[in-house]
Amino acid sequence: MCGIIGVISKNDEKKLATITVQCLERLEYRGYDSVGVASMEGNELEVRKAKGRIDEVVKRLNILSMTGRVFLGHTRWATHGEPNDINAHPHTDCTNSIAVVHNGTIKNFRELREDLESLGHKFKSETDTEVIPHLVEEFKKRGMDSFSAFKSAINSIQGSYAVLAIIKGENKIYFAKKDNPLIIGLGDKMNFISSDIPSFLPYTNKVLILIDGDVGYITPDEIYIENEGKKVNVLDRIKIITWDASAASKEGYAHYMLKEIHESPRAVDDTISGLISDIEDVKNAIKILEESKRIIIIAAGTSYHAGLYFSLLLQREGFNAIPVIASEYYNIKTNQEDSILAISQSGETYDVMMALKEFKANGSKIISLTNVIDSAIARQSDVKLYTRAGPEIGVAATKTFTSQIAALQFLYSLIKGDDYTYLNKAKDVIRRSLDFEGEAKLIGEELSAKSNAYYLGRGLSLPFAMEGALKIKEITYLHAEAYAAGESKHGPIALVEKDFPVVFINLGELVGELQNNVQEMKARKAKTYAISVNERLNTDKEILLTVEDERLSPFAVTPIIQLIAYYSAVKRGNDPDKPRNLAKTVTVG
Ligand code: AGP
């Protein structure tokens with residue numbers, strides 16, 4: 001994972017350290033095990049880095065006092081080497097003249113490290129990244145100019161990378177990209193290069209999204225890119241971003257997660273109108289889905305739950321729709337008659353990428369649904385569809401899940417030949433649910449005092465029960481498990497004793513069966529909760545939501561399961577935006 005940023009300015013910019021740190025803060029969702037900054041002033045290259053969160057490390061190491069016209073920054077999610085001060089990026093060569101930050105994984109780093117050590121290079125960290133500055137050093141030693149040495153280093157590594165490098169005395173940031181995101185921001189006498197757009201959006205909305213194989217450098221007034229040895233016409237690739245920087249700030253909410261839950265009505269609405277404006281792509285996607293023998297839906301985590309919901313809708317229409325957890329893709333052999341639907345908020349998830357590579361090689365047609373425009377997964381696809389939730393900073397997916405449900409339901413309505421305009425009311429349904437925030441808070445706070453919980457659902461409710469349990473685990477660190485309500489009798493009920501919390505998700509179908517399950521739990525003295533649509537289950541505590549059209553039930557239930565998790569995490573004193581051991585974007589397998 002990891003977030004990387006490079007900032008380069010024409011002027012002797014006193015505030016460059018502050019700007020770099022602000023960019024890093026906006027990248028912290030990508031990992032927060034350690035932080036580091038490199039700055040270069042004239043011929044002086046300085047690195048300050050340590051384990052810990054950005055605000056704390058920045059204060060402790062007085063990073064804001066660093067000066068220079070060239071800065072690199074890194075926020076880490078550890079893959080190779082434990083999170084500590086030494087493994088924090090930037091990494092340097094033997095002479096501390098080359099500093100590198102990297103997002104990705106270098107598969108052949110052990111062999112490269114052995115070779116470099118046999119040539120006398122001294123390594124300081126356990127990371128895969130450190131081979132890069134030593135490789136550049138080695139190639140320079142052999143007489144190459146800096147850019148050639150950097151390119152040779154990149155050609156030597158295998159794996160995935162977004163890499164930035166600075167070299168003592170050079171007013172340049174070298175970069176290379178493969179499989180991990182890297183975007184250039186073109187500012188006024190100041191240029192940026194980063195893992196995402198929101199990080200530098202307060203300074204410029206003029207961007208250039210790098211593609212795999214791009215290698216080059218930026219200076220304060222020049223962008224140079226090569227791909228497969230050929231110079232790229234930079235002007236052709238510049239885009240203007242229309243979202244503003246406030247879309248990536250908290251705007252008075254205590255946490256991004258809460259702000260993003262409250263943004264769901266807008267996110268869902270933008271998603272539907274975006275799909276309507278991309279209707280030709282939507283039609284192409286539907287044609288592919290309808291003509292294929294099997295529809296394989298691959299995704300991870302929350303996106304998998306959205307995919308599972310879609311698969312149930314399709315199965316009920318007689319389609320052979322198979323939801324597959326992306327990291328388990330090897331269990332399924334696809335061919336030209338299959339279509340693949342890849343769902344991913346980030347559009348970068350490694351497991352989804354790996355599955356796509358394999359399925360594509362088998363000749364299957366690929367449709368993607370991502371939130372990040374032009375994401376790596378989108379670029380692998382025959383048809384690219386987007387949710388338009390805007391940037392999501394909280395690690396827990398909220399508005400993007402609701403938007404995925406909206407997008408998939410839009411597709412489903414078109415497949416069925418139904419009128420999709422009922423989806424215009426989804427935003428009002430979400431708003432009405434958000435009025436139950438106080439009730440959701442009370443349930444969340446009760447759950448926060450427990451150590452286990454069950455989330456049960458039947459039929460279409462099950463993916464939402466699974467999502468509710470995942471949210472709780474992710475940010476509250478409470479062990480919550482979801483089951484098909486009927487299946488709960490086949491083992492899980494053995495754990496139920498007095499006051500064991502059982503949360504029922506009731507989308508308004510199979511209500512009689514769910515009511516029976518409630519009675520079974522009550523008979524074991526469980527503490528029962530329900531989030532119900534239109535009809536009560538008569539649990540100990542119940543939030544009853546109403547919708548005119550039952551197809552809108554998911555939009556009623558989703559904000560409540562998210563708010564319950566949010567308030568239970570807050571009550572426990574956890575930071576819901578940065579849950580332990582997690583990162584927003586999982587670009588490792
Ligand atoms: C959601 O709250 C989680 N952070 C996680 O399960 C996430 O949904 C998963 O990693 C998939 O991410 P993607 O949608 O970006 O592919």
Side-chain angles (χ1 to χ4, degrees), residues 1 3 28-32 77 103 179-181 195-196 255-258 260-261 264 267 271 297-310 323-329 340-356 368-381 385-387 389-405 407-408 455 463-464 466-477 480 482 558-559 561-566 568-569 574-589:
M1 238 94 32
E28 203 178 11
Y29 71 91
R30 299 181 70 88
Y32 31 82
W77 191 81
N103 168 31
D179 291 337
N180 284 316
S195 302
D196 76 10
H255 297 97
Y256 282 112
M257 181 178 174
L258 189 59
E260 288 158 357
I261 294 171
S264 304
T271 296
I297 302 169
I298 51 160
T302 290
S303 296
Y304 173 76
H305 297 149
L308 177 63
Y309 172 68
F310 188 52
V324 176
I325 292 174
S327 55
E328 295 287 309
Y329 73 91
I340 313 296
L341 173 64
I343 307 172
S344 170
Q345 181 285 127
S346 58
E348 281 182 58
T349 299
Y350 177 88
D351 294 322
V352 181
M353 293 282 291
M354 289 305 107
L356 277 192
S368 62
L369 177 66
T370 68
N371 191 45
V372 174
I373 307 286
D374 248 358
S375 62
I377 288 172
R379 286 198 300 273
Q380 293 250 353
S381 319
L385 302 179
Y386 295 109
T387 50
E392 189 174 68
I393 308 293
V395 165
T398 54
K399 63 175 178 175
T400 56
F401 174 67
T402 325
S403 302
Q404 287 170 342
I405 296 292
L408 294 168
Y455 271 66
F464 296 88
M466 291 167 78
E467 178 57 11
L470 175 67
K471 285 275 105 62
I472 287 273
K473 273 187 283 228
E474 215 182 353
I475 60 172
T476 308
Y477 318 144
T558 301
I561 57 175
Q562 295 170 346
L563 287 168
I564 288 175
Y566 171 78
S568 67
N574 300 347
D575 178 351
D577 286 341
K578 294 176 193 132
R580 69 185 181 202
N581 304 336
L582 297 180
K584 181 80 182 156
T585 312
V586 184
T587 52
V588 288

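Worth knowing before you read on, the calculation uses all heavy atoms, side chains too, and leaves out hydrogens, waters and symmetry mates. Here the structure is a predicted model, which is why all the values come from computation and not from measurement. Numbering of ligands and ligand atoms starts at 1, following listing order.
Each of Ile298, Thr302, Leu408 was compared with Ile343 under the side chain to side chain contact (heavy atoms under 4.5 Å, CB included) criterion, and only Leu408 meets it.
Residue Ser346 approaches ligand 1 through these ligand atoms, each under 4.0 Å from one of its heavy atoms: 13 (P), 15 (O), 16 (O). Taking every non-hydrogen atom of Ser303 and a distance limit under 4.0 Å, the qualifying atoms of ligand 1 come out as 8 (O), 13 (P), 14 (O). Atoms of ligand 1 lying under 4.0 Å from at least one heavy atom of Ala397, given by number and element, are 1 (C), 2 (O). Near Ala396, the atoms of ligand 1 lying under 4.0 angstrom from a non-hydrogen atom of the residue are 2 (O).
Between Asp351 and Tyr329, the closest side-chain pair of non-hydrogen atoms is not below 4.5 Å. Contact of the Tyr566 side chain with the Thr398 side chain is not registered, since no non-hydrogen atoms from C-beta on lie closer than 4.5 Å. At a threshold of 4.5 Å between non-hydrogen side-chain atoms, the residues Lys399 and Ile261 do not count as touching. Taking the side chain as every heavy atom from C-beta outward, Tyr477 and Pro579 approach each other to under 4.5 Å.
Closest to atom 7 (C) of ligand 1 among all protein heavy atoms lies Thr302 N, 4.1 Å. Nearest to atom 10 (O) of ligand 1 among the protein's heavy atoms is Val586 CG2, 4.0 Å. For atom 16 (O) of ligand 1, the closest heavy atom belonging to the protein is Thr349 OG1, 2.4 Å. For atom 11 (C) of ligand 1, the closest non-hydrogen atom on the protein side is Ala300 O, 3.3 Å. In terms of protein heavy-atom proximity, atom 4 (N) of ligand 1 is nearest to Glu474 OE2, 2.8 Å.
In summary, the aromatic rings of Phe401 and His305 are positioned with their centroids too far apart to meet the 6.0 Å limit.
Looking at Val395 next to ligand 1, an N or O pair under 3.5 Å apart turns up.
Neither the backbone nor the side chain of Glu348 has a heavy atom within less than 4.0 Å of ligand 1.
For the pair Gln380 (side chain) and Leu356 (backbone), a donor-acceptor distance under 3.5 Å is absent. In this structure, Asp577 contributes its side chain and Tyr256 its backbone to a donor-acceptor pair below 3.5 Å.
Residue Val352 places every heavy atom at 4.0 Å or more from ligand 1.
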